[in-house]
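Please read these numbers as outputs of a predicted model, since none were measured by experiment.
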There are 2 protein chains.
Amino acid sequence: MNIGEIARRAGVSRSTVSYTLSGKRPVSETTRRRILDVIDELDYQPNANARALKEGRTRTLGLVIPPASSRLTDMQLDFVASVVDAAARADLDVLLSPSGGDHDRSFERVITGRRVDGVILMEIRLEDARVTRLQQAGLPFVGIGRTARSDGMWWVDVDYATLIARCVHHLADLGHRDVALINRSAELVAAGYGPGHRALAGFAEAVAERGLTGVDYCCADDTLAGEACIRAILREHPEVTAVATINEAALPGIQRALETAGLAIPRDFSVTGVAASHWAENFRPPLTAADVPAIEMGAQAVQLLATSIATPEAPPRQLLLAPAVSLRSSTGPVRVRR
Amino acid sequence: MNIGEIARRAGVSRSTVSYTLSGKRPVSETTRRRILDVIDELDYQPNANARALKEGRTRTLGLVIPPASSRLTDMQLDFVASVVDAAARADLDVLLSPSGGDHDRSFERVITGRRVDGVILMEIRLEDARVTRLQQAGLPFVGIGRTARSDGMWWVDVDYATLIARCVHHLADLGHRDVALINRSAELVAAGYGPGHRALAGFAEAVAERGLTGVDYCCADDTLAGEACIRAILREHPEVTAVATINEAALPGIQRALETAGLAIPRDFSVTGVAASHWAENFRPPLTAADVPAIEMGAQAVQLLATSIATPEAPPRQLLLAPAVSLRSSTGPVRVRR
DNA sequence: ATGTTCGATCGAATCGATTCCGCGAATCGA
DNA sequence: TCGATTCGCGGAATCGATTCGATCGAACAT
């Protein structure tokens, strides 16, 4: 079922079939109709590999994800889903490639095998070898996240520093003087995970600006760790009256531990942070938080990548998103305990 | 940077380069060394499209996922991650294709464009047009899940009927006489979602066998719906003393609503079901449940697909998993309320 | 010394598309 | 009616690999 078969049945040459399909040269209405009929009848579609070989592009983009060993977070899942969705809308296919760990063969295969026209890179670290590799390979790519010095690359990212700062200001406005930051896991931060570092920086700056005292905790991405973290904060810093977090997965634990400690939200303790809206809305009471528009970010990344592929020499574009803090009901005026 | 370039620099013909790479014909040690040196120096990798075109296989498998519009569940995410991981281990790449909704162009492109050697199909319905399509296209595929009549296809699935039946028997052994099933969403079940139907069947059969009375509820995949569902059960069937569920995402809501109602688990109310272990372990108290080995299932699906591709004429193989119910502490002897 | 065998390598065909070049027929203006 | 232009289409080269026969020189037996 190749183009030659179609040509034979329609009584024309292969090139004519190709031109009717692409429309790059006029074809008379009668032969055109005849060819399309045969194509419909045989359910023909051009072989994607042959086409890619000749055209030099694959109409496919690579999506580089962290290895499965580290459970993907909900936010990362949203990225994947929205990238796939946006790509499908643009008639692009998505080739998944786990990287990190022992999966660098997969990454290399995708890069140097010319299987993709461009790459979307998730989970970028402040220093990231994959970015260097892609730049040297000359393959267009867009980061979801960014490295420490990222002027030269295309990316879309969430402005964690600004968002956490806004949360701190919000808490300060409510009279809180002692606040805590619940960050992502210590390993992640130590590995140069950008959001962790930038959230901490924004937290420190806002705390200093408002003359508060702030403590920061690292916390693994699960309910149990969230509980443990709140317990540690209450024990080690009983003066703390509010927390801000970028750790969505810890939220259920935070809620549980505060309940267990007999602290009502927001009467006795305020909670805020940065989280996808479904986390915020499942919190009780609903979480005052900056809602990360993960779905939109994935779509934007595909957009950027498409233009980067189309115009490889164009100067890189960046998109730093800082959605507003949605006031729900998990923060309130400070109230002195005991 | 193609094979011709390598051949020129090494002073040999293209075929010799190809044979050193594939080892399908002997090459003398000296030229072999010379060629490999050039390859290393230039960082050459064969063009995947050209190779696929000639060989007639792509070393790529397609993973068909539900569209992003419906949020993927944690279990589905585990499938995706483990499939990608297992494929990478087998030096296969994974092409993602959303299907359903308006994304059938993507599905068709992957199938008829010969972009993949085989397909893994997620979220199979009892009647599923994609299965028919793949069969008629003659493309090897493995389902994660299965259709109503599934003898003729390859699949790996969880035996929801048996697992839910075991949960019911366990509850009956503890003296419970009135039990409820919390299923997935009504739309999903109405659309012919296999696990929903089979869980219900297993529930009904076990309830009958033990002479219990059982009610079943559909419930959307989120915390809030879980709460609402428990409230409805307590209101409409106050005699119920235990629930079994296959709805992981509803578990936090189930827990919350029971707490709110002043019912202690497992003293006043028992909860059990089928759930990935991290859901079970985040429940409080830890959930007695059959742990779905999603990670293993993804890996098995890749295995099956690989053998199906290698031996297309072999009779289909199936894998029906029924992991044991892990006794944790969310079930206990019945106790009459009021 | 001559014919044979065998190992190492080369040349050319092939996979299935796209695209440039050019040919014949139809159409046009004068 | 004749040369020029246009229109529609076919032929062949090309993309970058794999693979099958063919070749060539060396080693071997007779």
Pair listing, side-chain hydrogen bond (donor to acceptor under 3.5 Å, both in side chains) test, anchored in residues 294-304 of chain A, at least two apart: none

Have a look at B:S22 and say if it touches a base, only the backbone sugar-phosphate, or nothing, with a 4.0 Å heavy-atom cut-off. nothing

DNA chain C: B:E55 or B:T30, which has the more 5' nearest nucleotide? B:T30

Identify all pairs in which a protein N or O lies below 3.5 Å from an N or O of nucleotides 10-13 of chain D, and state each distance.
{"from": "D:dG10", "atom 1": "OP2", "to": "A:S13", "atom 2": "N", "distance (Å)": "2.8"}
{"from": "D:dG10", "atom 1": "OP2", "to": "A:S13", "atom 2": "OG", "distance (Å)": "3.1"}
{"from": "D:dG10", "atom 1": "OP2", "to": "A:T16", "atom 2": "OG1", "distance (Å)": "2.6"}
{"from": "D:dG10", "atom 1": "N7", "to": "A:S15", "atom 2": "OG", "distance (Å)": "3.2"}
{"from": "D:dG10", "atom 1": "O6", "to": "A:R25", "atom 2": "NH2", "distance (Å)": "2.5"}
{"from": "D:dG11", "atom 1": "O6", "to": "A:S15", "atom 2": "OG", "distance (Å)": "3.3"}

Minimum side-chain heavy-atom gap B:R51-B:N47 below 4.5 Å: no

Do A:R115 and B:D93 have side-chain heavy atoms sitting under 4.5 Å apart? yes

Within the 4.0 Å heavy-atom criterion, would you say B:S18 contacts the bases, only the backbone, or no part of the nucleic acid? base

For B:K24 and D:dC20, what is the distance between atoms NZ and P respectively, to the nearest whole Å? 8 Å

Taking the nucleotide of DNA chain C with the closest heavy atom to each, which residue, A:R51 or B:R34, is nearer the 5' end? B:R34

Dot-bracket notation for DNA chain C, counting Watson-Crick and G-U pairs under 3.5 Å, with | for partners on another strand: ||||||||||||||||||||||||||||||

4.5 Å side-chain heavy-atom contact, B:T147 and B:R125: no

Partner residues of B:P316 under the side chain to side chain contact (heavy atoms under 4.5 Å, CB included) criterion, sequence neighbours left out: B:W154, B:Q318

Leading and trailing nucleotides of DNA chain C with any atom under 4.0 Å from heavy atoms of chain B: C:dA8 to C:dG16

Listed partners of A:R25 passing salt bridge (Lys or Arg N to Asp or Glu O under 4.0 Å), at least two apart: none

How close or far is atom P of D:dT18 from atom CG of B:N49, stated in whole angstroms? 13 Å

Is the shortest heavy-atom distance from the side chain of B:L95 to the side chain of B:V110 under 4.5 Å? yes

Taking the basic N atoms (NZ, or NE/NH1/NH2) and the acidic carboxylate oxygens, is any pair closer than 4.0 Å for A:E55 and A:R57? yes

Does some side-chain heavy atom of A:R32 sit less than 4.5 Å from a side-chain heavy atom of A:V12? no

Whether A:T31 contacts D:dC9 is assessed here as follows: a side-chain N or O lying under 4.0 Å from the phosphate OP1 or OP2. Is that the case? yes

A:D85 and A:R89: CA distance, side-chain angles, deciding distance, salt bridge (charged side-chain N to carboxylate O under 4.0 Å, His left out) verdict: CA-CA 6 Å; A:D85 220 56; A:R89 243 190 305 280; 3.4 Å; yes

Salt-bridge test for B:D157 and B:R146: reply yes if a basic N is under 4.0 Å from a carboxylate O, no otherwise. yes

